[in-house]
Each structure stands twice: as C-alpha cells, then as structure tokens.
Amino acid sequence: MSGDDKLKLEKELLGLYLSDHPLKRAAAKLASLTDAQAVEITSEIQGQEVRVGGLVREARRVVTKKGQIMAYAEIEDLTGTVDLILFPRQYEQHFRLLVPDAMVVVSGKVDVRAGTRSNGPVQPEVEELEAEAERASLVIENAWAWDDPDCAPIARRQVLHLTLPEGTPVVMATLQDALATHPGPDEVVLHIRTPGHEVVVAADGRYHVEAGAALTSELDRLFGSKVSWVETLRNRAPANGNGNGRMGRRNGS
C-alpha cells in the first residue's frame, strides 16, 4: 500500500490522519504560495486581503433570499481552520475546487461580519449576516488547486520590529552583528527606549534582513527577553474587492 493510500484509508476509517499528514509534504510549497496561516485569520486583520492554503474539510451550497447559490466551506492548515464564504459569482467560478481533502490555495478579504452561518435552508446576503464576535471568515475572491501553474508564489512584505534599551555602542554593535548574519529583503524598525520615552527609528538600508523565526529567536536570546516581532504588510480590500492600501499586523514569528 502506498503512503497516499494509507493516509486515505486512515482518514476514511478514523476521520483523521494518523501516521502522517498530507500538508507536511506540501508545507514548503504552500508557504511560497501564501502570506497567512489559519491561526492569523482573526478580527485583528479585518478588511485585509490574504492568501491561505490547506486541505478542504467541508463545503456546502446554500440558497440566498434572492434565489442565488452561494457556499460555505472550511479549510485546514497545520495551524488550524479557516471558514470560507463564496458569494454567487465566486461560487460559480470556484466551487468545483472545494472537494473534501483537496489541497487548495484561496485569496480574499478577512471579514468578521460575515462570520456567522445560519442553519436554515436560505441564507441572507452579506449585509444581512449577523456579526459573530471574534470569528473571522475569509470572503473568497480567487481559488486555485495548490499545483495550478496559474497560482504564482506571493512575495511577502514584512518589517522586523525591535524594542531595545537605549542605543549604546555595545547594544548597536551586538544588533548589527546579529542582523548581518540574516541578510534579506525586509526592513528593520528600531524602538529605542529611554527613560520616559520611546523613539521609533527606521533603520537604514544596510539592515535589510530575512525576517522570520530564526532571526527573532536569535535576537530574543541575545537580549534575554522578547524584543522582536515581524509585521506582515497586506493590502486592505475596499468594498469593490480591489486592494489599494497597506495595512499590517504583528506576527509572532
């Protein structure tokens, strides 16, 4: 029995993957195709455009009060699950991809207001959906099979933030040495704390780094406490669905 057949059988018999998980095999590629994980889809990034990927857990069609077909779905990645909403236009274009256990990449707008599902046979339009506190859904704009060549890798826009004590020569030398070992495209912003003040300084070009867990862990270890975090910069999606702004969030990586 092949590894894939074994996983399929485990899922059918047990309802879960026991010996392995398909997402682990695809983790590197999915990371290049997405800019967010399920755990990040919260009210904190309300209105922002994101792209996530994972396995389809369920998908169901419903009928709106206007007689149109829309759908709710759920996908999971290695950090959790995301509720998806496909309004009629997106339903027609993308619902065929949402087959249970299919691996997909989806993009859209994070929306807390659209986070409630009704159990009735008829679903209201988005403006009539009840708000569900702290439960964010992803209103789908596009979807692809994870191996679709039209789903191109996405470039993350990130900023590394550092909160440091007063910028003494020793502190700055230690910082410079650490940043130099992680070159990359991401900007660095320093939050220099002095008694009664915090000065925010955008570091110059020589401090461009590869922001991520390896660097933040090293910096936190060097300074003996949590001093760093990564902000992911994303477009804010206006009402017409086309992002035209720049918003960020704090990422614990």
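From a predicted model like this one, the values you see are computed outputs, not experimental measurements.
The two residues V105 and L30 come nearest to each other via the heavy atoms CG2-CD2, 3.9 Å. Taking every heavy atom of both residues into account, A73 and L98 meet most closely at CB-CD1, 3.8 Å. Closest approach of G54 and L23 over heavy atoms only: CA-CD2, 3.9 Å. The minimum heavy-atom distance between I140 and Q90, with the atom names listed, is O-CG, 2.9 Å. Nearest heavy atoms, Y207 versus V188: O-CG2, 2.9 Å. Taking both residues in full, the closest heavy atoms of G53 and T34 are given as N-CG2, 3.4 Å, listed atom of the first, atom of the second, then distance.
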Output side-chain donor-acceptor pairs under 3.5 Å for residues 173-184, partner residues at least two apart or in another chain, one line each.
from : atom 1 : to   : atom 2 : distance (Å)
T174 : OG1    : V170 : O      : 2.9
T181 : OG1    : A178 : O      : 2.7
H182 : NE2    : E218 : OE1    : 2.7

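Residues F95 and V104 are members of one and the same hydrophobic cluster, defined by side-chain heavy-atom contacts under 4.5 angstrom among Ile, Leu, Val, Met, Phe, Trp and Tyr. The cluster map of Ile, Leu, Val, Met, Phe, Trp and Tyr, joined by side-chain heavy atoms under 4.5 Å apart, puts I45 and I154 in different clusters. No single ILVMFWY cluster, assembled from side-chain heavy atoms under 4.5 Å apart, contains both W144 and V99. Taken together through direct or relayed side-chain contacts under 4.5 Å among Ile, Leu, Val, Met, Phe, Trp and Tyr, V230 and F223 form part of one hydrophobic cluster.
A donor-acceptor contact shorter than 3.5 Å links the side chain of Q46 to the backbone of V112. Proximity of a side-chain donor or acceptor of D220 to a complementary backbone N or O of V227 within less than 3.5 Å is detected.
With sequence neighbours left out, the side-chain contact (heavy atoms from CB on, under 4.5 Å) criterion links A143 to H94, L97, V106. Applying the salt bridge (charged side-chain N to carboxylate O under 4.0 Å, His left out) test to R61 and every residue at least two apart in sequence or in another chain returns nothing.
Ion pairing of R157 with E231 is absent here, as no side-chain N (NZ or NE/NH1/NH2) approaches a carboxylate O to less than 4.0 Å.
Annotation: side chain of S137 is not in contact with side chain of D111 (no heavy-atom distance under 4.5 Å).
Screening E49, E40, E44 for a salt bridge (Lys or Arg N to Asp or Glu O under 4.0 Å) involving R234 leaves a single residue, E40.
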